[in-house]
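Scroll down for the structure; my scribbles are underneath it.
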Amino acid sequence: MSKYWSAVVQGLTPYVPGEQPKIDKLIKLNTNENPYPPSLIALQAMREEIGPGLRLYPDPNADRLKQAIAQYHGVSAQQIFVGNGSDEVLAHTFLGLLRHDRPILFPDISYSFYPVYCGLYEIAYNTVPLADDFSIETAGYLQPNGGIIFPNPNAPTGRLLPLDRIEKIAAANRESVVVIDEAYIDFGGQTAIPLIERYPNLLVVQTLSKSRSLAGLRVGFAVGHPDLIEALDRVKNSFNSYPLDRIAIAGAVASFSDEEYFQRTRAAIIATRDALIEKLEILGFSILPSAANFILMRHPAHDAAQLAAWLRSKSILVRHFRLPRIEQFLRVTIGTDQQCEAFISELDAYLNASKNSSG
Ligand SMILES: *Cc1c(COP(=O)(O)O)cnc(C)c1O
């Protein structure tokens, strides 16, 4: 705290991202990155972009990228907003579309950045409890609100809400904006993008960080009615006119052209996830149904914090949230088959050691 800080900054509780250790040789299953490298076509496009052209500012509207995304998703470029990671897209959404008189709604267990944006932009919110099985309860989103936001699949639960439920929420809230944060949709869900034609209050946000292996590039986008997109553009053009640099635009455009690689890597993660869940269940863990590139798991007889600490001592990082209802769970990113095998064999060793010491 310093006397030079503004009152807003003094009151902030910033988001704490998962650890990005500077040590090599760790098995990093803590921040939902993709274990596979970016598309070779995307990497090549970025290399080609490095040259004298970097002297010049990038296209402030990233039109080439909007075209590529529009074509990929069968919408028009006027329905696309792009930003420096979906976190930036979300931030502009909170300021431009969710800051009204009434409190906004999101689940009690959800992406922990949402309350942080509410703090930054002084937006009131109410949380809607997840059901006992940790699924999103549609009924809770029928009360008056200033907007609604949740990830689908939800994070950190991994649970998917079917598209007909999303439509029900959008249809019941025509006076406010409903934001679906689809950071993990490519790992087993169906995108709500086709619904934007019928629901001008629906905004769908996606990222290239997870399913396209480009977390380091910082590219995210929103799809919705041009009126919603215009609000985001107004915020962006009052904040930073060039959120995407030339290299990011080139890499992101090329990524959408490499459909074969995208399909192959996301299928690999889905297959690894389903095999991992089976093995964990054999070891006695309970795992929530996941449509994401991570799982939320617990063991009825072992403390989550102790398990996480022990895994860390074996160079395996997972995420443990000290939060109500999920303090006995670990969130584990799906790695390669090899990484997941190492994870399983360390857990197996832990369970055997504790069996022997207690018996
Ligand atoms: C990872 C994640 C994001 C942020 O993605 P970036 O595009 O890397 O900023 C947004 N929402 C959820 C739910 C996420 O898990």
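Since this is a predicted model, take the numbers as computed values, not measurements. Residue indices begin at 1 and follow the sequence shown. We count ligands from 1, going down the list as the structure has it; atoms in each ligand are counted the same way.
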Note to self: Between R64 and Q67, is the side-chain hydrogen bond (donor to acceptor under 3.5 Å, both in side chains) condition met? List the steps.
What the structure shows: CA-CA 5 Å; R64 207 153 61 89; Q67 280 299 341; over 6 Å; no
Mind listing the side-chain donor-acceptor pairs of residues 77-87 below 3.5 Å, one per line with the distance, residues two or more places apart or on another chain?
unit_1	atom_1	unit_2	atom_2	d
Q78	OE1	S76	OG	3.2
Q79	OE1	S76	N	2.8
Q79	OE1	S76	OG	3.4
Q79	NE2	E197	OE2	3.3
N84	ND2	P243	O	3.2
D87	OD1	Y111	OH	2.8
D87	OD2	Y111	OH	3.4

Margin query: Heavy atoms only, cut-off 4.0 Å: how does S86 contact ligand 1, side chain, backbone, both, or neither?
Written below: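 S86 to ligand 1: contacts from backbone and side chain alike.
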Note to self: Tell me the contacting part of F113 for ligand 1: side chain, backbone, both, or neither, using a 4.0 Å heavy-atom threshold, strictly below.
What the structure shows: neither
Next item on the list: Verify whether the ring centers belonging to F221 and Y72 lie closer than 6.0 Å.
Entry: no
Margin query: Tell me if a side-chain donor or acceptor on E327 pairs with a main-chain N or O of R325 at a distance below 3.5 Å.
Written below: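 Confirmed, E327 side chain pairs with R325 backbone.
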Margin query: Can you see whether Q338 engages T336 through a side-chain donor-acceptor pair at a distance of less than 3.5 angstrom?
Written below: no
Checklist line | Short side-chain donor-acceptor distance under 3.5 Å, K210 and T207 | finding: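 There is no such pair between these side chains.
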Checklist line | Numbered atoms of ligand 1 (with element) below 4.0 Å of S209, judged on heavy atoms | finding: 6 (P), 7 (O), 8 (O)
Margin query: Distance under 4.0 Å to a non-hydrogen atom of G85: what atoms of ligand 1 satisfy this?
Written below: 7 (O), 9 (O)
Which residue supplies the protein heavy atom nearest to [atom], what is that atom called, and how far is it?
atom: atom 15 (O) of ligand 1; value: Y184 OH, 2.5 Å
atom: atom 3 (C) of ligand 1; value: K210 NZ, 3.5 Å
atom: atom 9 (O) of ligand 1; value: R218 NH2, 2.8 Å

Note to self: Quick check on D181 - does any of its heavy atoms sit under 4.0 Å from an atom of ligand 1?
What the structure shows: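 Yes, that is the case, since the closest heavy atom of the residue is under 4.0 Å from the ligand.
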Note to self: In this structure, does ligand 1 have an atom that sits under 4.0 Å from one of the heavy atoms of A183?
What the structure shows: yes
Next item on the list: Decide whether a cation-pi geometry holds between R331 and F294; the criteria are a distance under 6.0 Å from NZ or CZ to the six-membered ring centre and an angle within 45° of the ring axis.
Entry: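 Positive - R331 is close enough to the ring of F294 and near enough to its axis.
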Next item on the list: Ignoring angles and geometry beyond distance, decide whether Y111 reaches within less than 3.5 Å of ligand 1 through its nitrogen or oxygen atoms.
Entry: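 N/O-N/O distance under 3.5 Å: no.
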